[in-house]
A.B. asks: 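Below you'll find the structure I mean.
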Amino acid sequence: GYSLLKKEDSVYKSILKKEPHIPLTSLEKAWLCAVLSDPRSGLFLDTEQKSQLAELLGAKKLYQRNFLNCFDQYSDGDDFHDPQYIQHFRDILSAIHGKKLIKISFQTRKDNRITHYFLPTKIEYSAKNNKFRVYVNRYQKRRMVDSGIINLSQVTLTKLTDITPESFLAVTDKKKQAKIKILNERNAVNRFMLEFAELEKDSVFDEDSGECMVSIKYDEQNENEIIIRLLSFGPVVEVLSPYDFRRKIKERVDRQLALMKK
């Protein structure tokens, strides 16, 4: 009745040639202004850009940073205001987009300095650690020799190059899979899905018992962190397989029990 559709081959299609512009709502503008106040936004935008965006949005922040209370998070997170940290982040991001090698120097936990040419594949944020880390492939003479993860806070130097490796590997993560049973207690299913929202997973929910069977896929190098996050759920989750992963969970529980007995 509004003459906005036309019929072609028994299918109704829009008469519009271009996608209509949908303006932001007041709520969306207020949320974006709040996002601009997040210190991590400074990794992508400088102070002047953030100021111009806030002026263009012209809205009051939906919430203040002090409204948020983070729990179960380490207190030694990255310094997102550090100019060197910001520069390293942007250099690595540029190398990812350009698929170029970048020279990175970083300090290990044993205070050893390592310098190599890397091809970064992705940057990942850990909410529990409040840190960014970068997945990299290490190259020698333009050939990949191995892969690993570098915490951005450990990086001391970055230098972009114009070198494009002969074979660019977009995905180099070694994925492992674990099968987990979640009991219908303390809203465990919803909390689990929220906690591991970033992971690829398959789930089957039994409405009669309220239990949920979930298979999660995770990077092998992140296994210790996954174990710690699973243990935070206590007895409402049970790791069923693989055996090696279940054994590591049991060993940590046994060590904790031994400490409590002491």
Side-chain angles (χ1 to χ4, degrees), residues 70-74 76-77 106 108-110 112 114 118-138 144-154 167 169-262:
C70 296
F71 63 94
D72 198 21
Q73 184 183 73
Y74 291 102
D76 61 341
F106 64 95
T108 66
R109 292 180 179 177
K110 296 181 179 179
N112 296 322
I114 296 177
F118 297 96
L119 178 68
T121 56
K122 70 175 180 179
I123 297 176
E124 182 179 77
Y125 174 72
S126 170
K128 181 172 287 292
N129 295 299
N130 195 26
K131 294 176 179 288
F132 278 97
R133 54 200 175 201
V134 56
Y135 289 74
V136 295
N137 297 326
R138 185 167 66 90
M144 193 185 89
V145 292
D146 57 26
S147 60
I149 301 175
I150 302 173
N151 289 329
L152 247 92
S153 59
Q154 295 175 311
S167 60
L169 302 178
V171 179
T172 59
D173 305 337
K174 296 179 181 178
K175 295 290 185 181
K176 295 185 72 174
Q177 184 167 317
K179 191 173 183 181
I180 298 159
K181 179 171 73 173
I182 311 170
L183 303 181
N184 184 26
E185 296 178 27
R186 296 184 288 179
N187 199 28
V189 175
N190 288 338
R191 290 192 296 113
F192 184 93
M193 295 303 179
L194 183 62
E195 172 67 25
F196 295 99
E198 82 282 5
L199 298 182
E200 181 183 347
K201 63 180 80 67
D202 293 316
S203 60
V204 178
F205 184 74
D206 188 331
E207 294 186 359
D208 294 331
S209 66
E211 296 179 353
C212 188
M213 304 294 292
V214 183
S215 292
I216 61 171
K217 291 182 179 180
Y218 60 92
D219 191 281
E220 185 177 6
Q221 298 176 90
N222 293 339
E223 188 167 79
N224 283 336
E225 181 179 339
I226 297 295
I227 289 174
I228 292 169
R229 291 165 68 181
L230 283 170
L231 286 170
S232 68
F233 284 84
V236 297
V237 300
E238 180 184 357
V239 175
L240 303 177
S241 64
Y243 172 78
D244 183 60
F245 190 66
R246 180 181 170 94
R247 177 181 56 79
K248 289 177 182 179
I249 294 278
K250 183 179 182 302
E251 286 175 353
R252 282 181 175 262
V253 173
D254 288 342
R255 286 202 301 267
Q256 185 63 37
L257 184 61
L259 287 172
M260 291 173 65
K261 286 181 178 179
K262 289 181 180 179

A.B. asks: Is the shortest side-chain heavy-atom distance between R255 and L259 below 4.5 Å?
C.D. replies: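 No; the side chains remain at least 4.5 Å from each other.
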
A.B. asks: Got a sec: does the CG of D202 have more than 12 other heavy atoms crowding it under 6.0 Å?
C.D. replies: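 Open.
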
A.B. asks: Kindly indicate whether the side chain of F118, heavy atoms from C-beta on, has any atom under 4.5 Å from the side chain of V134.
C.D. replies: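 F118 does not reach V134 side chain to side chain.
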
A.B. asks: Could you give the distance from CZ (R191) to CD1 (I182), rounded to the nearest 0.5 Å?
C.D. replies: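 CD1 of I182 is found 9.5 Å from CZ of R191.
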
A.B. asks: So does K179 have more than 12 non-hydrogen atoms from other groups sitting under 6.0 Å from NZ?
C.D. replies: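 Check fails, neighbour count at 12 or below.
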
A.B. asks: Heavy atoms, side chains only, cut-off 4.5 Å: are V236 and F192 in contact?
C.D. replies: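 A side-chain contact under 4.5 Å is absent here.
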
A.B. asks: Apply side chain to side chain contact (heavy atoms under 4.5 Å, CB included) to the pair V239 and K248, showing each step before the final yes or no.
C.D. replies: CA-CA 10 Å; V239 175; K248 289 177 182 179; over 6 Å; no

A.B. asks: I'd like to know if R229 and E198 make a salt bridge, using a cut-off of under 4.0 Å between side-chain N and carboxylate O.
C.D. replies: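 E198 and R229: salt-bridged.
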
A.B. asks: Going by heavy atoms in the side chains, are R138 and V136 under 4.5 Å from each other?
C.D. replies: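 No - every pair of side-chain heavy atoms lies 4.5 Å or more apart.
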
A.B. asks: How far does NZ of K131 sit from CD of Q154, to the nearest 0.5 angstrom?
C.D. replies: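 Spacing of NZ (K131) from CD (Q154) equals 8.0 Å.
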
A.B. asks: Kindly determine whether F132 and N151 satisfy side chain to side chain contact (heavy atoms under 4.5 Å, CB included), including the steps that lead there.
C.D. replies: CA-CA 6 Å; F132 278 97; N151 289 329; over 6 Å; no

A.B. asks: Is the shortest heavy-atom distance from the side chain of F233 to the side chain of E195 under 4.5 Å?
C.D. replies: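 They are in side-chain contact.
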
A.B. asks: Does the distance from a Lys or Arg side-chain N to an Asp or Glu carboxylate O, for E200 and K175, drop under 4.0 Å?
C.D. replies: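 Answer for the salt bridge query: no.
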
A.B. asks: Nearest 0.5 Å, what's the CE-CG distance between M144 and N137?
C.D. replies: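 M144 CE to N137 CG: 5.0 Å, rounded to 0.5 Å.
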
A.B. asks: Are Q256 and L231 packed together at the side-chain level, in the sense that at least one heavy-atom pair is separated by less than 4.5 angstrom?
C.D. replies: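 Not in contact.
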
A.B. asks: Under a 4.0 Å N-O cut-off, is there an ion pair linking E223 with K176?
C.D. replies: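 A salt bridge is present here (some side-chain N lies under 4.0 Å from a carboxylate O).
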
A.B. asks: Report yes if the side chains of E124 and D219 come closer than 4.5 Å at any heavy-atom pair, otherwise no.
C.D. replies: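 A side-chain contact under 4.5 Å is absent here.
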
A.B. asks: If you take all heavy atoms of P235 and L183, which pair is closest and at what distance?
C.D. replies: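 What the structure gives for the nearest pair is O-CD1, 3.7 Å.
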
A.B. asks: Report yes if the side chains of L230 and F245 come closer than 4.5 Å at any heavy-atom pair, otherwise no.
C.D. replies: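 Yes; the side chains approach each other to less than 4.5 Å.
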
A.B. asks: Can N222 and I149 be said to form a side chain to side chain contact (heavy atoms under 4.5 Å, CB included), step by step?
C.D. replies: CA-CA 9 Å; N222 293 339; I149 301 175; 3.6 Å; yes

A.B. asks: Looking at K201 and L199, would you say the former's side chain and the latter's main chain have a donor-acceptor pair under 3.5 Å?
C.D. replies: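 The answer is yes, because a donor-acceptor pair under 3.5 Å joins these two groups.
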
A.B. asks: Heavy atoms only: give me the nearest Y218-A178 pair and the separation to one decimal.
C.D. replies: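 In this case the closest contact between Y218 and A178 is CE2-CB, 4.1 Å.
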
A.B. asks: Between CG of N190 and SG of C212, what distance do you get to the nearest 0.5 Å?
C.D. replies: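 That separation rounds to 9.5 Å.
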
A.B. asks: So how far is it from F106 CZ to I150 CD1, rounded to the nearest 0.5 Å?
C.D. replies: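 If I round to the nearest 0.5 Å, the distance is 4.5 Å.
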
A.B. asks: With rounding to the nearest 0.5 angstrom, report the CG to CD distance, N184 to E207.
C.D. replies: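 Between atom CG of N184 and atom CD of E207 there are 11.5 Å.
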
